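Numbering of residues begins at 1 and proceeds along the displayed sequence. Here the structure is a predicted model, which means the values were calculated and not measured.
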Amino acid sequence: MRRVSIFGATGSIGVNTADLIAKAGGADAFDVVALSGGRNVALLADQARRLKAEIAVTAFDDCLEPLRAALAGSGVAAAAGSAALLEAAARPADWVMSAIVGAAGLAPGMRALAHGGTLALANKESMVCAGPLMRAEAARHGATILPVDSEHSAIFQALTGERRADAERVILTASGGPFRDWPAERLARATVAEAMAHPNWRMGQRISIDSASLFNKAMEVIEARELFDFSPGQIEVLIHPQSIVHALVGFADGGLMAHLGPPDMRHAIGYALNWPDRAALPVARLDLAEIARLDFHAPDEARFPALRLARGVMQAGGLAGAAFNAAKESALDAFLAGQIGFADMAPLVEVTLDKLMAQGDLTGATFTLDSVLATDHLARRTTQEAASRLNQS
Ligand code: NDP
């Protein structure tokens with residue numbers, strides 16, 4: 001039986017993954033090795049019991065006792081903390097879902113690559129912070145990284161059966177989020193609840209707000225570069241409000257291969273779970289006559305500067321991706337805490353990148369997991385300081 005683990009099992013991607021595994025036979029069809037979560041201990045314990053996992057791990061030490069209590073008598077081991085997460089990731093598995101949110105997903109995902117199996121990668125932060133390390137680790141152990149982000153799964157599927165050299169560009173689509181048509185003055189006053197109200201996708205809080213600011217798309221542009229080795233100039237973004245076409249790949253003969261599907265992550269997760277086969281999935285079938293029209297237009301980078309920042313990050317290379325992600329996460333924390341406004345996030349990220357770049361902190365250093373994590377800390381501190389200054393002014 002295939003041995004599978006889910007990191008971030010209690011999140012939006014993780015719950016869908018656990019449900020697909022349960023629908024595909026659960027503990028009768030898979031050896032479920034490790035499930036991880038954060039503070040949602042009740043859900044984690046419930047999933048671990050249902051899937052008969054070997055071990056359930058919460059990321060937070062203070063959640064260990066409640067997790068132990070919830071698992072009492074189940075035969076599932078309980079553990080907590082970052083060392084326990086790494087130990088769980090080190091348990092041999094053929095297929096691992098990486099769906100922790102944020103840079104916290106990097107180390108467990110990297111550790112799981114050492115099994116030489118499949119890493120289903122939802123945690124785009126890993127590729128943005130440490131794409132070259134992830135690819136090198138996968139190559140060293142003969143592991144496969146399968147994208148779970150819907151756009152990257154779409155690119156992966158469009159490239160399947162093609163010669164990579166024949167692909168000359170990729171187009172990632174973006175719904176434009178809830179603020180697609182908002183004027184700049186209104187953006188400045190946007191609330192957390194408004195930013196979370198994504199028109200098409202139901203996702204975790206952080207990625208929903210990143211979608212509203214287009215930081216999510218900016219991350220995806222960098223992720224596409226790292227996963228598929230396209231140059232920055234070959235990666236385009238189109239606003240597509242219906243979220244039906246997830247990505248397109250353009251080939252040397254002028255042909256464009258588009259991937260279409262309903263906005264439902266169970267397609268991309270299920271594709272990664274069944275790859276290289278396809279299995280029936282519980283997703284709606286598109287009725288194109290009912291949809292009737294598909295709209296596309298260029299993004300407005302004046303209102304949404306994140307895409308421009310991503311291009312600078314790709315040009316800089318090295319540790320710029322780690323700084324970009326950490327600054328973005330830290331700016332989002334400040335927005336969630338009510339410290340800064342929605343429209344302050346991009347300028348804060350830019351100020352941080354400019355400062356670290358000018359200090360020479362992002363170039364020259366050896367590119368290792370340690371230097372990535374050190375850059376992550378430095379960028380968070382720099383962004384927090386800038387946020388405090390902004391708040392006082
Ligand atoms: P959620 O916020 O819904 O879930 C995040 C998961 O990570 C939960 O299991 C959470 O635990 C756990 N977690 C939170 N903080 C930590 C921490 N410090 N250390 C370890 N685990 C932690 O996120 P999503 O499922 O929306 O997203 C997960 C990843 O997938 C992100 O990288 C996102 O960008 C990516 N992604 C998500 C998509 C979506 O549709 N949701 C689409 C494409 C990519 P708990 O909830 O128990 O506290």
Side-chain angles (χ1 to χ4, degrees), residues 1-9 13-14 17-18 20-21 24-27 29-36 48 51-57 77 79 82-100 103-149 152-153 155-157 159-161 164 223-229 268-279 321 366-373:
M1 281 207 286
R2 249 197 316 168
R3 288 172 61 84
V4 301
S5 289
I6 309 173
F7 290 86
I13 294 287
T17 308
L20 285 175
I21 287 176
F30 298 89
D31 269 340
V32 179
V33 182
L35 299 182
S36 94
L51 293 175
K52 300 191 170 59
E54 281 174 17
I55 185 166
V57 185
S82 44
L85 268 179
L86 285 183
E87 190 279 324
R91 293 186 178 215
D94 307 299
W95 190 93
V96 175
M97 167 57 78
S98 169
I100 288 174
L106 171 59
M110 186 88 92
R111 185 65 193 79
L113 286 171
H115 307 311
T118 298
L119 185 71
L121 189 78
N123 180 268
K124 64 193 84 183
E125 296 88 342
S126 303
M127 291 314 281
V128 172
C129 296
L133 294 181
M134 293 286 288
R135 280 183 291 152
E137 194 68 359
R140 183 157 46 245
H141 300 286
T144 303
I145 300 176
L146 283 183
V148 170
D149 234 329
H152 304 75
S153 175
I155 295 170
F156 184 91
Q157 293 180 52
L159 283 171
T160 297
R164 171 62 188 79
E223 184 188 12
R225 171 168 172 67
E226 295 297 338
L227 279 170
F228 304 109
D229 211 18
I269 298 168
Y271 180 81
L273 184 62
N274 294 296
W275 180 85
D277 300 330
R278 286 187 186 265
T366 331
F367 195 77
T368 61
L369 190 53
D370 284 346
S371 65
V372 165
L373 297 177

Enquirer: What distance separates Arg111 CZ from Leu119 CG, expressed to the nearest 0.5 Å?
Expert: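 If we round to the nearest 0.5 Å, Arg111:CZ and Leu119:CG are 12.5 Å apart.
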Enquirer: Could you pull out the closest heavy-atom pair between Ala272 and Val148, with the gap in Å?
Expert: CB-CG2, 4.1 Å
Enquirer: Side-chain contact test, heavy atoms from C-beta onward, threshold under 4.5 Å: evaluate it for Asp94 versus Asp31 and give yes or no.
Expert: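 Asp94 vs Asp31: side chains apart.
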Enquirer: Looking only at non-hydrogen atoms, find the nearest pair between Val33 and Pro92 and report the distance.
Expert: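 It is CG2-O, 3.8 Å.
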Enquirer: Are any of the side-chain heavy atoms of Arg225 and Met127 separated by less than 4.5 Å?
Expert: no
Enquirer: Got Ile21 and Ile6 here, is their nearest side-chain heavy-atom distance under 4.5 Å?
Expert: yes
Enquirer: How far apart are the C-alpha atoms of His141 and His115, what are their side-chain angles, what is the distance that settles it, and do they pass the side chain to side chain contact (heavy atoms under 4.5 Å, CB included) test?
Expert: CA-CA 7 Å; His141 300 286; His115 307 311; over 6 Å; no
Enquirer: How long is the straight-line distance from CZ of Arg135 back to CG of Leu113, given to the nearest 0.5 Å?
Expert: 12.5 Å
Enquirer: If every non-hydrogen atom of Pro132 is compared with every non-hydrogen atom of Glu226, which pair is closest and at what distance?
Expert: CD-OE1, 3.5 Å
Enquirer: Does Ala34 offer a backbone N or O that forms a donor-acceptor pair with the side chain of Ser5 under 3.5 Å?
Expert: yes
Enquirer: If you look at every heavy atom in Ser36 and Gly8, which pair is closest and at what distance?
Expert: OG-N, 2.9 Å
Enquirer: Using the side chain to side chain contact (heavy atoms under 4.5 Å, CB included) rule, take Asn123 and Ile13 through it: C-alpha gap first, then chi angles, then the decisive distance, then the call.
Expert: CA-CA 10 Å; Asn123 180 268; Ile13 294 287; over 6 Å; no
Enquirer: What is the minimum heavy-atom distance between Phe367 and Ala130, and which atoms define it?
Expert: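 Looks like CZ-CA, 3.9 Å.
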Enquirer: Do Met97 and Ile269 have side chains that get closer than 4.5 Å, going by heavy atoms?
Expert: yes
Enquirer: Which word best sums up how the rings of His152 and Phe228 line up, parallel for under 30°, tilted for 30 to 60°, or perpendicular for over 60°?
Expert: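 Rings of His152 and Phe228: parallel, under 30°.
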Enquirer: Does the side chain of Thr144 come within less than 4.5 Å of Trp275's, by heavy atoms?
Expert: yes
Enquirer: Considering all heavy atoms of both residues, which atom of Arg2 and which atom of Trp95 are nearest to each other, and what is their separation?
Expert: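 Residues Arg2 and Trp95, closest heavy atoms: NH1-CD1, 3.7 Å.
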Enquirer: Just verifying a value: how many Å separate Glu223 CD and Met134 CE, rounded to the nearest 0.5 Å?
Expert: 10.0 Å
Enquirer: Would you indicate whether the side-chain heavy atoms of Ser126 and Leu121 approach each other to under 4.5 Å?
Expert: yes
Enquirer: Just verifying a value: how many Å separate Leu106 CG and Leu133 CG, rounded to the nearest 0.5 Å?
Expert: 7.5 Å
Enquirer: Contact between Leu85 and Ile100 at the side-chain level, heavy atoms closer than 4.5 Å - yes or no?
Expert: yes
